[in-house]
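See below for the structure under consideration.
Just so it is clear, the model here is predicted, and its values are computed rather than measured. We use all heavy atoms of the structure for the numbers below, so side chains are in, but hydrogens, waters and symmetry mates are not.
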Amino acid sequence: MFSPTVGVTSFASKVQRNDAYNPRPCVILYKAAKSSPGGCIICLMATFSRAGRLEDLPEVLQKFCIPLSPHDMCMNHPGVKHIHTIPEWQMRNTWIIAYRYRAYGKLRGRWENRAPLSPIGSSYRLNGDMRELLISICMQRKIQWEALSAQDPNLGKRCYEQYKVRITCVFNREDVVIDVCTKGVSPEPVE
């Protein structure tokens with residue numbers, strides 16, 4: 001999946017809570033050695049019912065989501081930080097949640113590229129520059145969240161309550177990666 005010698009990051013499928021949910025894509029930032037019980041470090045991905053504007057997301061997701069091209073935000077706001085895959089991701093308005101999680105569950109392969117005329121077995125990856133950009137954004141967003149939380153002790157609780165209400169009311173449950181990916185994903189951030 002992840003090969004440091006090639007410098008690419010894979011997109012894996014089958015991050016799921018149980019068989020009742022569809023596989024969900026994620027970005028593998030670091031893959032643990034087979035002999036290590038540490039699991040992989042991942043960023044979750046979601047479409048949130050194809051929300052194309054950051055302001056359409058709950059506040060906590062606004063703090064951590066970054067667009068994956070092709071995305072309306074990239075077209076409407078030139079210069080906005082975003083991520084590109086190789087080959088280009090096929091689903092418009094997908095978000096990467098720029099928050100590193102440790103995944104202990106088994107990742108069951110790469111996310112297959114099913115675009116017309118794509119080679120059989122083709123999958124998505126990030127080049128080294130995109131991987132480094134995503135890691136940097138994860139660290140920046142974590143620092144910003146901690147600073148905001150220190151300024152406003154009620155931020156976490158307020159965001160959580162808003163998230164529960166908006167996700168339940170607005171988004172289709174199967175599009176909510178955070179709810180789907182609880183088994184095998186550490187609730188604690190990666191330091």
query: Which heavy atom of Gly52 sits nearest a heavy atom of His71, and at what distance?
result: O-CE1, 3.5 Å

query: Short question: side chain of Arg141, backbone of Cys65 - any donor-acceptor pair under 3.5 Å?
result: yes

Any Asp129 side-chain heavy atom under 4.5 Å of Glu132 side chain: no

message: So which atom in Arg100 and which in Tyr30 form the shortest heavy-atom distance, rounded to 0.1 Å?
response: NH1-CE1, 4.4 Å

- prompt: Do the non-hydrogen side-chain atoms of Lys164 and Tyr160 ever get within less than 4.5 Å of each other?
  reply: yes

Side-chain heavy-atom pair Cys43, Cys26 within 4.5 angstrom cut-off: no

- prompt: Any side-chain heavy-atom pair from Trp111 and Pro25 closer than 4.5 angstrom?
  reply: yes

query: Should Lys157 and Glu161 count as an ion pair when the cut-off is N to O under 4.0 Å?
result: no

- request: Side-chain contact test, heavy atoms from C-beta onward, threshold under 4.5 Å: evaluate it for Tyr124 versus Gln90 and give yes or no.
  value: yes

field: Basic-acidic side-chain contact under 4.0 Å: Arg50, Asp72
entry: no

query: Quick one: does Arg131's side chain have a donor or acceptor within less than 3.5 Å of a partner on Leu29's backbone?
result: yes

- prompt: Shared ILVMFWY cluster between Met139 and Val27, side chains joined below 4.5 angstrom?
  reply: yes

- prompt: Should the ring pair His84 and His82 be called parallel, tilted or perpendicular, given that the plane angle runs from 0 to 90° and is split at 30 and 60?
  reply: perpendicular

message: Pair Val60, Trp145 - check side-chain contact (heavy atoms from CB on, under 4.5 Å), show working.
response: CA-CA 9 Å; Val60 68; Trp145 176 260; 4.0 Å; yes

- prompt: Can you check whether Glu59's main-chain N or O pairs, donor with acceptor, with Gln162's side chain at less than 3.5 Å?
  reply: yes

query: What do you reckon, is CE of Met75 surrounded by more than 12 foreign heavy atoms closer than 6.0 Å?
result: yes

field: Between Thr94 and Trp89, a side-chain donor and acceptor under 3.5 Å
entry: yes

- prompt: If we ignore angles and hydrogens, is there a donor and acceptor under 3.5 Å between the side chains of Ser69 and Glu88?
  reply: yes

message: For a side-chain contact (heavy atoms from CB on, under 4.5 Å) check, start with the C-alpha distance between Leu54 and Met73, then their side-chain angles and the critical distance, and finish with the verdict.
response: CA-CA 8 Å; Leu54 201 55; Met73 277 199 54; 3.8 Å; yes

- prompt: Step by step, would you call Ser136 with Gln140 a side-chain hydrogen bond (donor to acceptor under 3.5 Å, both in side chains)?
  reply: CA-CA 6 Å; Ser136 173; Gln140 290 168 6; 3.2 Å; yes

- request: From the options Ile83, Leu57, Leu44, Thr47, select the one residue that forms a side-chain contact (heavy atoms from CB on, under 4.5 Å) with Trp95.
  value: Leu57

- prompt: Below 4.5 Å, heavy atoms only, C-beta onward: do Met45 and Ile97 meet side chain to side chain?
  reply: no

- line: Smallest heavy-atom separation, Ser123 atom then Pro87 atom, equals O-CD, 3.5 Å

message: I'd like to check Lys63 versus Leu148 (side-chain heavy atoms, cut-off strictly below 4.5 Å). Are they in contact?
response: yes

field: Validation row: Ser149, Leu155 side chains within 4.5 angstrom (heavy atoms)
entry: yes

field: Nearest atoms (heavy-atom pairs only) where Lys81 meets Ile137
entry: CD-CD1, 4.0 Å

